[in-house]
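Any value given below was found using the heavy atoms of this structure, including those in side chains, with hydrogens, waters and symmetry copies removed.
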Amino acid sequence: MEIRKVQGASLSEIDTDPLKLLRKMVEIRKFEEKIEELFLVKGTLIGPAHLYLGQEAVAVGICSTLSKEDYVITSYRCHGHAIAKGVSLKKLMAEMFGKKTGTCKGLGGSMHAAISLEDGLVYATAIVGSQIPIAAGLALANKYLNKKIATVCFFGDGATNTGAFHEGINLASLWKLPVLYVCENNLYAEFTHITRSLSSRSVAERASSYNMKVIVVDGNDVVSVYKAAKEAVTEIRNLNGPIFIEARTYRMKGHGVYDQAKYRDPKEVEEWLKRDPIKIFKKRLIEEGIMDEKDYERIENEVTKEIEEAVNFAFESELLNFEELYKLVYVE
Amino acid sequence: MEIRKVQGASLSEIDTDPLKLLRKMVEIRKFEEKIEELFLVKGTLIGPAHLYLGQEAVAVGICSTLSKEDYVITSYRCHGHAIAKGVSLKKLMAEMFGKKTGTCKGLGGSMHAAISLEDGLVYATAIVGSQIPIAAGLALANKYLNKKIATVCFFGDGATNTGAFHEGINLASLWKLPVLYVCENNLYAEFTHITRSLSSRSVAERASSYNMKVIVVDGNDVVSVYKAAKEAVTEIRNLNGPIFIEARTYRMKGHGVYDQAKYRDPKEVEEWLKRDPIKIFKKRLIEEGIMDEKDYERIENEVTKEIEEAVNFAFESELLNFEELYKLVYVE
Amino acid sequence: MREITFVEALREALREEMKRNDKIIILGEDVGKYGGVYRVTQGLIEEFGENRVLDTPISEIAIVGAAIGAALGGLKPIAEIMYMDFAMIAMDQIVTQAAKMRFMSGGQLKVPIVIRTQYSLGRAHGSQHSQFYPSWFVNSPGIKVVLPSTPYDAKGLLKSSIRDDNPVLFIECGVLYRSKGNVPEEEYTIPLGKAEIKKRGEDLTIIAVSRCVQEALKAANKLEEKGINAEVIDLRTLVPLDVETIVNSVKKTGKVVIASDDVKYCSIASEIAMTVMENAFDYLDGPIVRVTSPPLPVPFSPELEKAYMVSDVKILNKIEEAFGYKLS
Amino acid sequence: MREITFVEALREALREEMKRNDKIIILGEDVGKYGGVYRVTQGLIEEFGENRVLDTPISEIAIVGAAIGAALGGLKPIAEIMYMDFAMIAMDQIVTQAAKMRFMSGGQLKVPIVIRTQYSLGRAHGSQHSQFYPSWFVNSPGIKVVLPSTPYDAKGLLKSSIRDDNPVLFIECGVLYRSKGNVPEEEYTIPLGKAEIKKRGEDLTIIAVSRCVQEALKAANKLEEKGINAEVIDLRTLVPLDVETIVNSVKKTGKVVIASDDVKYCSIASEIAMTVMENAFDYLDGPIVRVTSPPLPVPFSPELEKAYMVSDVKILNKIEEAFGYKLS
Ligand SMILES: Cc1ncc(C[n+]2csc(CCOP(=O)(O)OP(=O)(O)O)c2C)c(N)n1
Ligand SMILES: Cc1ncc(C[n+]2csc(CCOP(=O)(O)OP(=O)(O)O)c2C)c(N)n1
Ligand SMILES: [Mg+2]
Ligand SMILES: [Mg+2]
């Protein structure tokens, strides 16, 4: 099937308040910067954590087209999707701290913190690719129940090399399931560049061989992402599908919070940092007269405050009692 | 990558004695018919057995381009590959009987009977798709050791839906491993037609998305198969690769020996039976004056006798002593 | 009561439950048009349609993964994994996903799926189609493990498994498929977590699951002839485990034999033995005896396979050896 | 003797063996250019080149499958599976292929591969990155299972595993990676199948593997202060199992505690207990005690995870409870 490209979309092509998009992106940015600080500077947090810095336009562009009811299912790199889908920053932060007020009562931690059923955030898994067949199943349920909601499944470029990807995507395409697969191609799987793991010429080409609609989108341009997603999600909600979006983007930092990302070509990093999705969107909004520097500062300040509150909330929250764990293994 | 088609090749295009090809095909045919009889009429044999009837041109066309040293790795539908590669009919038959004179001392049975290291038949597995990454490893070894032999890996159309296929083929292509993948597309995976399991438009198209050479060959025409294989194997022996052959064929009988194959459209069956690879090759050899009916009869008689001898051998052979099993789990 | 086969009993359970609950779907290889390799799902696609009985590609990861997703989305999926051997391909989905979802989401998620599978030891299927490894799942908190040994139990336990809100691994035994037994026409269920005393006795306790229950009963009948009264307990579910029934029996008999088709080391027999040790050590008047498969892959050769397998004779020999009875 | 870390010891073993045998290749995710997520393979690609140290895609099936094939083709592959949790994805290749090949080919094939992996319990990695299930492999004849607990053992056992002609699962423990220990400069190997008595004693026997050996030693030191002399056995390899060392110790002490990080039910602790039962029942003067992980997935919260894990304190409490010592 043909591969469509979406890039350089103009603001007039989208039907949402661009300031809302910006605000969400800033929330993610500030949240992740705080997490980084809590790990590296303060040493408050431990365990693995995978920051979403640099990819904000993808989560925000896609999730802003969704309602609470729509399903999102994702990986360990899930903070961005959680925030974009509307999970409370407090609960999210408390989860990082392992507290019982967290989304998962502290049992999940960073890699599963996005699981929040009330927000339609169905699952976040730490096993690369495992969400892909599960997403097919969610879509199958919607189709069967004639539930006109979307299922969106996020994963990385590296995930396209797993058996789970192949089996899941094949099934979704074969059964024409209403699911939007979003591959965030940030060029790296951990420390290995995509050219050293993908035999196909591109993720999009691989996806296309499963005989489904494929869209390649500029993942650092929130407007283009939103535009592509809006159309796709509408189709999915009408129970057509699947549709595959390859969002080309970059992570600003390392794979995990401890990774200095020294294995990347400094030139490559430099080029991509110029395309910081928040910087370019901010510049554009100012240029197009939609806001000014002051508006931006106000947003930043509000968000900073919210995140401080989230940290305090997390800090002061209590731990789950160990005996409670025994009640959480099985449904009674 | 472009997909090449090979069909209708003429006898002048191949560099081997066509009567040898015919003879091998008849060996397979008679062997399988005997197996069927031993299961269904005589009740001598039990357990699963997957006949190769109708696909003889593929195994013979491919394996006749190989020497003993070249590696073949295959699935449970392995009798044809074994015979084509030169495994002794006696040992093969004894394996069906579970006797210690069998290829696997009776521990493998029909589904693994082809394993015969001395014939370069490295492995036969009953888990669909599992041989595909293993074949990549064999090829890796040859490349590393600069061993200019081919690795040929047989599997079915259904296998292309497994995670093992995806991971194995991706690796082989990424690392440019000298392996010839041969997908025998007989249109069915057990009782399910390929259109109900493959999302891609064809097996060849799926293979091609991994960025490697793909050839589609008429799998019922041994001359075309030989021609396609010869070229491919030469490349592989020069440690280039991978190459993927989709051989389009049909199984004349059920999935396993007990299956009556009633789920198939009688018209489809009829059409394919007209293209019985032995019948059409025989006709052609007679038409082109390479042999006559009498020659064919002589071949049949010789083969029938050989197979009777194999049955007698198997029948008279002894079982392995149970205590011996404990010595076969680990290398000392 | 009428007699039906194990397969028919399973099919009835599926059919009745599908009628009762339209959220139930079945998915697996060849379960639809063909009716299942072992005919368990025969006729269901005709009765319930292609939306509810789904033929899948050869994709065990996707079968279990899609079942999980469908469960999260509000359905009640029953996934068939044709042979237990192939469950290994989906191990990540079964153990690292399904079994842990509820816990690691802090109780938010539930995953009401049934994974039906069968092990084929005893049918000359060779090493790769005869594996039986229930202990792996017992070792993995978050999934229930059910193993019926009779048509009656198969039906009642499958119905309960389907009505359970947790992931359930339902392990059938291929060689029992054609066995027959009494099954009432009326609706009934059997609770998960309740063992059944298949035969009462006072002299020793034989604990078994699946096919080995039948071997244990044969052995018990032969013991009866020698005046020894064995109690035969069919655990029926391994998770949850009915510790009470085990302990009560051991308190009475003081002698325990455990028979199961899995390979001896780290088997369920090892665990049941520890359960006895930890809960009834003082009542034991002899060693705990395991009768299991030996530490070998399964040989194809039908004769060797027979020698490999647990049997009534092996159970009797072990009993003779361990408890000093004279049986021959 | 010089002190080096667990990771350095592993790296030395790999390096020395690679120098010794040019058929050795290493493959896995990020093992090459990056030097391994936990730095075990650091520097090897520079020293031995890209032909011998291969970065793979995220394809656990292919990693193990390709290793098997390369072994059949005459190489000695060492595959790294980054976390033991991911080994489940390759379970078919490990258990249904590698472990059974020799047997079901009637002894024709050999599969000399080492699969190195590590479990990350104790590092706040959550349910999906902390699993430890050695018992599954002990339940699967055809593969050896090795678990070092010190840098010295890590080096010596890895070298022997590499020289072994069978598939070997080499399970490292993430929290031990930075621990230091004495390792001689000179070449040495440690045979597979030999347990080591890490501390001698007469009053009771603590049997442990991997991380729990360290906890057992801490517990034994505390017991020493109370005048109780515990023997600590580090099994080091589970397959083959050194039954003799276990039995000799039990004959001496009569009391057995087994400590391991796997989940209690169907754990290796259950099996070791049965080994004691079957081989030294008459010498026991008390119940066999298991100290294991509880039947729960692993919680992320670092505090809860700590409460979840086996520790010296838990071992001591269990000993107090089971044998009536007054320790506090
Ligand atoms: C099955 C599996 N193998 C390996 C890992 C270790 N691992 C975690 S993240 C990762 C890289 C994933 O890359 P990609 O899919 O591109 O996602 P990204 O991290 O770039 O968002 C790897 C190899 C894992 N979690 N699961
Ligand atoms: C992983 C796995 N799943 C299911 C099966 C059961 N099974 C055996 S053969 C087969 C069909 C394979 O079809 P195909 O690959 O087309 O090969 P063919 O039998 O047509 O030669 C299936 C589903 C299996 N052996 N392994
Ligand atoms: Mg990536
Ligand atoms: Mg086929």
Assess the residue pair His129(C) and Tyr119(C) against the criterion (ring-ring contact (aromatic ring centres under 6.0 Å, His included)); give the C-alpha distance rounded to whole Å, side-chain angles, the decisive distance to 0.1 Å, and a yes or no. CA-CA 7 Å; His129(C) 275 63; Tyr119(C) 73 103; over 10 Å; no

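Comparing Glu118(A), Lys105(A), Glu167(A) by heavy-atom pairs within less than 4.5 Å of chain C, the highest count is held by Glu167(A). Ranked by heavy-atom pairs under 4.5 Å with chain A, the first of Ile143(C), Ile68(C), Thr56(C), Ile58(C) is Ile143(C). When Lys110(C), Gln93(C), Gln108(C) are compared by the number of non-hydrogen pairs under 4.5 Å with chain A, Gln108(C) comes out ahead. Chosen from Ala113(A), Gly102(A), Gly108(A), Ser116(A), the residue pairing most often with chain C at heavy-atom distances under 4.5 Å is Ser116(A). Comparing Leu117(A), Asn142(A), Ile169(A), Leu140(A) by heavy-atom pairs within less than 4.5 Å of chain C, the highest count is held by Leu117(A). With chain C as the partner, the residue from Val122(A), Val331(A), Leu107(A), Leu328(A) showing the most heavy-atom pairs under 4.5 Å is Val331(A). When the candidates Leu171(A), Leu174(A), Thr151(A) are compared by the number of heavy-atom contacts under 4.5 Å with chain C, Leu171(A) comes out ahead. The choice from Gly109(A), Ala141(A), Ala126(A) that makes the most heavy-atom pairs within less than 4.5 Å of chain C is Ala141(A).
For His112(A) and Tyr123(A), the distance between ring centers is not under 6.0 angstrom.
Looking at Ile25(C), only its side chain comes within 4.5 Å of chain A, counting heavy atoms on both sides. Using a 4.5 Å cut-off between heavy atoms, Asp92(C) touches chain A through its side chain atoms alone. If you measure heavy-atom distances from Ala124(A) to chain C, the contacts under 4.5 Å come from the backbone alone. There is no contact between Ala135(A) and chain C, counting heavy-atom distances below 4.5 Å. Looking at Tyr330(A), the atoms closer than 4.5 Å to chain C (heavy atoms on both sides) sit in the backbone and in the side chain alike. With a threshold of 4.5 angstrom between heavy atoms, Gln97(C) approaches chain A through its backbone and through its side chain. Looking at Lys100(C), neither its backbone nor its side chain comes within 4.5 Å of chain A, counting heavy atoms on both sides. Proximity to chain C (any heavy atom under 4.5 Å) is shown, for Ile149(A), by neither the backbone nor the side chain.
A donor-acceptor pair shorter than 3.5 Å can be found between the side chains of Ser120(C) and Gln118(C). Between Gln128(C) and Asp85(C), the side chains place no donor N or O within less than 3.5 Å of an acceptor N or O (distance only, hydrogens not considered). Neither side chain, Gln131(A) nor Thr125(A), offers a donor N or O lying under 3.5 Å from an acceptor on the other. Tyr34(C) and Glu29(C) share no side-chain donor-acceptor pair at under 3.5 Å. Under the 3.5 Å distance criterion, with hydrogens and angles disregarded, no donor-acceptor pair is assigned to the side chains of Ser161(C) and Asp164(C). Residues Asp234(C) and Ser149(C) bring a donor and an acceptor atom of their side chains to less than 3.5 Å of each other.
Of the charged side-chain nitrogens involved, at least one lies within less than 4.0 Å of a carboxylate oxygen, so that Glu16(C) and Lys159(C) count as a salt-bridged pair. In this structure, Glu17(C) pairs ionically with Arg20(C), as a charged nitrogen and a carboxylate oxygen lie closer than 4.0 Å. Salt-bridge check for Arg163(C) with Glu187(C): passed, with a basic side-chain N closer than 4.0 Å to an acidic carboxylate O. Ion pairing of Lys33(C) with Glu46(C) is absent here, as no side-chain N (NZ or NE/NH1/NH2) approaches a carboxylate O to less than 4.0 Å.
Using modelled atom types, no side-chain atom of Thr237(C) and backbone atom of Val239(C) make a donor-acceptor pair closer than 3.5 Å.
Residues of residues 74-90 of chain A lying under 4.5 angstrom from chain C, judged on non-hydrogen atoms, do not exist.
Side-chain contact between Met91(C) and Trp136(C) is present, with at least one heavy-atom pair separated by less than 4.5 Å.
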